[in-house]
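Shown next, in structure tokens, is the structure this report addresses.
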Amino acid sequence: MSRAGFAMRFKQLVGETPLEYLTRWRMYKATRLLRDRGRKLLEVANSVGYDSDAAFNRAFKRMHGVSAGEYRRTIAAT
């Protein structure tokens with residue numbers, strides 16, 4: 001199966017592209033890891049597949065509307 005064929009079939013079955021699915025899964029996992037105050041942001045970024053905390057923060061903010069650090073502070077306040 002070609003890459004394009006796979007992507008098309010994946011979207012038909014799952015409702016989103018493989019990259020969208022992967023990003024959503026990474027960010028879900030990141031929100032869980034951010035609850036552990038002992039983990040540094042770079043550790044969380046690396047754990048979910050990002051090589052830099054800057055790239056991770058951009059992706060996190062794009063999905064959640066706030067940076068990973070802001071998200072962590074918000075959940076710590078609750």
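Along the sequence shown, the residues carry numbers beginning at 1.
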Which pairs count as side-chain hydrogen bond (donor to acceptor under 3.5 Å, both in side chains) when at least one residue sits in residues 45-57, sequence neighbours excluded?
-> R39-S47

Using a side-chain heavy atom cutoff under 4.5 Å and only I, L, V, M, F, W and Y, what cluster partners does W25 have?
-> Y28

Other cluster members, Y21 - Ile/Leu/Val/Met/Phe/Trp/Tyr, side-chain contacts below 4.5 Å | M1, F6, F10, L13, V14

Indicate if L22 and V44 have the same hydrophobic cluster label, given that clusters are the connected sets of ILVMFWY residues with side-chain heavy-atom separations under 4.5 angstrom.
-> no

Are F60 and L42 joined in one hydrophobic group, where the rule is that I, L, V, M, F, W and Y side chains link up if heavy atoms are under 4.5 Å apart?
-> no

What do the steps show when you test T74 against V66 for side chain to side chain contact (heavy atoms under 4.5 Å, CB included), and what is the final call?
-> CA-CA 10 Å; T74 301; V66 295; 5.9 Å; no

Where H64 and T31 come nearest, the two heavy atoms and their spacing = NE2-CG2, 3.6 Å

Pair listing, salt bridge (charged side-chain N to carboxylate O under 4.0 Å, His left out) test, anchored in [range], at least two apart:
{"range": "residues 65-78", "answer": "none"}
{"range": "residues 59-69", "answer": "none"}
{"range": "residues 8-22", "answer": "E16-R24"}

Distance col, row L33:CG vs R26:CZ, nearest 0.5 angstrom, shows 13.0 Å

